[in-house]
Amino acid sequence: MEAVAVIDFETTGLSPAQGDRATEVAAVIVQDGRVVDRYQSLMNAGVRIPAYIESLTGISNAMIRSAPPAAQVMREVADFVGGIPMVAHNAAFDAKFWDAELARIERTRAQDFVCSLLLSRRLFPLAPSHRLGALVEYARLPVAGRFHRALADAEMAASLLLRLEDELRLRHQVAQVSVALLCRIQRASKAQLPKCLAAARGV
DNA sequence: TGCCAGGCCCTCTTTAGGGCCTT
């Protein structure tokens, strides 16, 4: 598979449209079956983190006060990722924060966003839960650090992506896994999935 | 203090409702 950037945000809430902002971002570059580069930074967007999110993530208002400005961090991470396809667990969430934070520095995203949550629902239908932590346990992936910290979650989502790639190769005999195929799989309905995988096998 | 969104997916569905997932 071509190189991808697996990203994860910690934020003050669920919706940039409601005024929520990013507090931490991480991106790991996955190439040739392994993580080859990493970026991580706290970011100060000048908004207060609610107490229940401080306890969820361990990221405090004091930590954010001494963090670099959000605009600087977004310029750095966007340059780090460049134009390669992006991946996140529940990508709808991270994509809306990525696009909202980029818009504040007058930049836009051009590449695809692959969702490891949607892929897991297709390829691990028997998993008891498709939360990142539950999938790490289900697939016996290494715990990369504290859950709900950006770099640890990005590393674990990267491990999950590589496991999903293995699943396509070994169980479904797909010789060539590509981002385009992952995009087709995540858009496929349950009924469409067998045909989608058969086409990928060249049947 | 408590709550806020939105897309996906299942089902006792499609003229809808509710759980899952992200912070």
Side-chain angles (χ1 to χ4, degrees), chain A residues 4-28 40-64 67 70 73-74 77 86-104 109 112-139 141 143-161 163-164 182-196:
Chain A
V4 297
V6 183
I7 73 144
D8 186 72
F9 275 114
E10 303 308 316
T11 72
T12 62
L14 296 174
S15 173
Q18 300 292 315
D20 292 320
R21 296 293 305 275
T23 58
E24 185 179 46
V25 64
V28 302
Q40 176 273 330
S41 183
L42 291 168
M43 51 202 280
N44 184 353
V47 296
R48 192 160 179 80
I49 305 171
Y52 71 98
I53 292 184
E54 275 190 332
S55 60
L56 176 72
T57 64
I59 298 171
S60 67
N61 283 291
M63 290 162 69
I64 291 304
V73 173
M74 285 309 299
V77 71
M86 299 174 71
V87 180
H89 198 67
N90 197 6
F93 174 85
D94 290 279
K96 71 185 176 183
F97 274 96
W98 181 267
D99 292 347
E101 294 291 347
L102 272 195
R104 290 175 176 273
R109 169 175 59 91
D112 284 324
F113 231 118
V114 172
C115 180
S116 57
L117 169 63
L118 293 181
L119 291 172
S120 297
R121 281 181 177 158
R122 304 290 183 281
L123 299 174
F124 293 145
L126 299 180
S129 159
H130 293 90
R131 283 172 25 246
L132 181 61
L135 287 165
V136 164
E137 189 175 345
Y138 176 77
L141 302 173
V143 175
R146 177 182 171 144
F147 285 101
H148 293 300
R149 284 302 299 265
L151 185 59
D153 280 3
E155 298 257 14
M156 290 187 280
S159 295
L160 174 60
L161 178 72
R163 182 59 58 84
L164 290 164
L182 298 182
C183 289
R184 286 197 296 276
I185 290 171
Q186 70 182 16
R187 280 195 302 266
S189 68
K190 200 171 179 176
Q192 293 167 331
L193 185 62
K195 198 171 176 180
C196 182

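Here the structure is a predicted model, which means the values were calculated and not measured. Letters A, B, ... are given to chains in the order of the sequence lines, protein chains preceding strands, and every chain is numbered from 1.
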Pick the nucleotide of DNA chain B nearest each of A:Ala188 and A:Ala17; which residue has the one closer to the 5' end? A:Ala17

When you match A:Arg187 and A:Thr57 each to their closest nucleotide on DNA chain B, which lands nearer the 5' end? A:Arg187

Base, sugar-phosphate or nothing for [X]? Non-hydrogen atoms, less than 4.0 Å.
X        : result
A:Tyr52  : base
A:Lys190 : sugar-phosphate
A:Asp20  : nothing
A:Thr23  : nothing

Taking the side chain as C-beta and beyond, is there a heavy-atom pair between [X] and [Y] under 4.5 Å?
X        : Y        : result
A:Ile185 : A:Leu119 : yes
A:Leu117 : A:Phe93  : no
A:Val136 : A:Leu160 : no

For the residue pair A:Trp98 and A:Phe9, categorise the inter-ring angle as parallel (less than 30°), tilted (30 to 60°) or perpendicular (more than 60°). tilted

Suppose you measure atom [atom1] in [N] against the same atom in [M]; what distance do you get, rounded to whole Å?
N      : M      : atom1 : answer
B:dT1  : B:dT22 : P     : 27 Å
B:dC9  : B:dC4  : C1'   : 23 Å
B:dC12 : B:dG7  : C1'   : 24 Å
B:dG18 : B:dG2  : P     : 24 Å
B:dG19 : B:dT15 : C1'   : 22 Å
B:dT13 : B:dC8  : C1'   : 15 Å

Of all nucleotides in DNA chain B that come within under 4.0 Å of a heavy atom of chain A, which is furthest toward the 5' end and which toward the 3' end?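 It runs B:dC4 to B:dT23.
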
Just do the side chain to side chain donor-acceptor pair (under 3.5 Å) check on A:Ser116 and A:His89 with the steps written out, would you? CA-CA 5 Å; A:Ser116 57; A:His89 198 67; 2.8 Å; yes

Side chain to side chain donor-acceptor pair (under 3.5 Å) contacts in which one or both residues fall within residues 118-134 of chain A, not counting sequence neighbours: none

Is the shortest distance from a Lys or Arg side-chain nitrogen in A:Glu10 or A:Arg149 to a carboxylate oxygen in the other one below 4.0 Å? no

